[in-house]
Amino acid sequence: MLFRKRAWDLMHEDFATIDEGASLAEAVRVLRESQAKTPENNVVLVLGPGGALKGAISVWNILAALDESVLRDPSLKIVRESDFDKTFARASAVCAHTALEEHLEPDVPRLKPGDSLPVVLELFLRKRRGWAVVEENGKVLGVVLVADLYREVSADMVKAF
């Protein structure tokens, strides 16, 4: 079964996107909306003019931005416990309104629709990402998530027991 399935069998055609001019706050909003439908989704694709793929913002990029901008803010270390929530909210707002280009992941893992599951698996392991973009002729067709790949591979593994 592993060699019969292809990237197009796993891909989500309804995937989260934002314009390259958006803020990190918009990426967070769009990702949260996407996760309401697909909880295991952890990426928003960033599109430029004409829908060209510019890169991605993943949960890891958002958490890294939070760490950089908020958790390392010296003012959070000196506030009293009663002021912490207000100071954290202010620092989070500053972080969320930074430009996407500061956090953009331009090295997007890419698959072709006809790539077999072993090719998909190899890409996930090599790139160490929880997602990959399925493209054809420069057009994004969908996104494959590591959870989808795991479901397929583990189903075959269970049958082998």
Side-chain angles (χ1 to χ4, degrees), residues 7-8 10-79 81 83-113 115 119-153:
W8 71 66
L10 299 179
M11 75 179 189
H12 294 264
E13 294 178 55
D14 181 23
F15 49 91
T17 64
I18 54 174
D19 182 71
E20 68 180 327
S23 66
L24 190 60
E26 181 67 6
V28 170
R29 186 189 64 73
V30 168
L31 184 55
R32 287 183 56 84
E33 286 175 3
S34 175
Q35 288 176 328
K37 293 182 262 181
T38 309
E40 56 272 343
N41 182 32
N42 61 3
V43 66
V44 176
L45 301 184
V46 180
L47 305 178
L53 182 63
K54 294 299 215 177
I57 297 290
S58 72
V59 168
W60 290 108
N61 302 115
I62 294 167
L63 293 176
L66 186 67
D67 178 54
E68 241 175 67
S69 304
V70 177
L71 301 179
R72 295 177 192 230
D73 185 339
S75 62
L76 285 174
K77 292 180 174 50
I78 59 172
V79 296
E81 193 172 319
D83 296 333
F84 182 82
D85 290 341
K86 186 187 289 183
T87 305
F88 182 80
R90 188 174 32 251
S92 294
V94 169
C95 171
H97 288 85
T98 59
L100 282 183
E101 63 189 27
E102 294 178 40
H103 312 288
L104 187 68
E105 218 175 298
D107 182 26
V108 174
R110 297 167 195 257
L111 294 164
K112 295 179 182 111
D115 285 343
V119 171
V120 175
L121 175 61
E122 192 274 330
L123 179 72
F124 273 84
L125 294 173
R126 186 170 37 87
K127 293 290 188 172
R128 297 184 177 267
R129 299 281 198 319
W131 52 273
V133 172
V134 180
E135 273 187 323
E136 190 168 54
N137 299 323
K139 183 178 187 302
V140 177
L141 303 177
V143 174
V144 176
L145 303 173
V146 71
D148 301 316
L149 176 62
Y150 176 74
R151 272 191 289 279
E152 282 297 323
V153 172

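All values reported here derive from a predicted model rather than from experimental measurement. Worth knowing before you read on, the calculation uses all heavy atoms, side chains too, and leaves out hydrogens, waters and symmetry mates.
Between Asn42 atom CG and Gln35 atom CD the span is 7.5 Å, to the nearest 0.5 Å. Here Leu24 contributes atom CG and Ile62 contributes atom CD1; the two are 5.5 Å apart, rounded to the nearest 0.5 Å. Between the CG atom of Leu145 and the CZ atom of Phe15 there is a distance of 11.5 Å, given to the nearest 0.5 Å. For the atom pair CG (Leu45) and OG1 (Thr17), the distance works out to 7.0 Å, reported to the nearest 0.5 Å. For the atom pair CD of Glu102 and CG of Asn61, the computed distance is 12.5 Å after rounding to the nearest 0.5 Å. We find the CG-NZ distance between Asp14 and Lys37 to be 4.5 Å, quoted to the nearest 0.5 Å.
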Below 3.5 Å, can you tabulate the donor-acceptor pairs from side chains in residues 119-134 to any protein atom, sequence neighbours excluded?
| unit_1 | atom_1 | unit_2 | atom_2 | d |
| --- | --- | --- | --- | --- |
| Glu122 | OE2 | Arg126 | NE | 3.0 |
| Lys127 | NZ | Asp107 | OD1 | 3.3 |
| Lys127 | NZ | Asp107 | OD2 | 3.3 |
| Arg129 | NE | Glu105 | OE2 | 2.2 |
| Arg129 | NH1 | Lys127 | O | 3.0 |
| Arg129 | NH2 | Glu105 | OE2 | 2.9 |
| Arg129 | NH2 | Asp107 | O | 3.2 |

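One side chain, Asp148 or His12, offers a donor N or O that lies under 3.5 Å from an acceptor on the other. Inspection of the Asn41 and Ser34 side chains reveals an N or O donor paired with an N or O acceptor under 3.5 Å.
At distances below 3.5 Å, not a single donor-acceptor pair connects side-chain atoms of Thr38 with backbone N or O atoms of Glu40. Remark: the backbone N or O of Lys139 is not paired with any side-chain donor or acceptor of Asn137 at under 3.5 angstrom.
Looking at heavy atoms from C-beta onward, Glu20 lies out of side-chain contact with Leu47 at the 4.5 angstrom threshold.
When the side-chain hydrogen bond (donor to acceptor under 3.5 Å, both in side chains) test is applied to Arg29, the partners found at least two apart in sequence or on another chain are Glu26, Glu33.
The minimum heavy-atom distance between Val43 and Ala16, with the atom names listed, is O-CB, 3.9 Å. When all heavy atoms of Ala27 and Leu100 are compared, the closest pair comes out as CB-CD2, 4.0 Å.
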side-chain contact (heavy atoms from CB on, under 4.5 Å) assessment of Leu53 paired with Glu135: CA-CA 10 Å; Leu53 182 63; Glu135 273 187 323; 3.9 Å; yes
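Counting heavy atoms of neighbouring residues, nucleotides and ligands inside a 6.0 Å radius, atom CZ of Arg32 does not exceed 12 of them.
Annotation: salt bridge (charged side-chain N to carboxylate O under 4.0 Å, His left out) contacts involving residues 55-66, sequence neighbours excluded, are absent.
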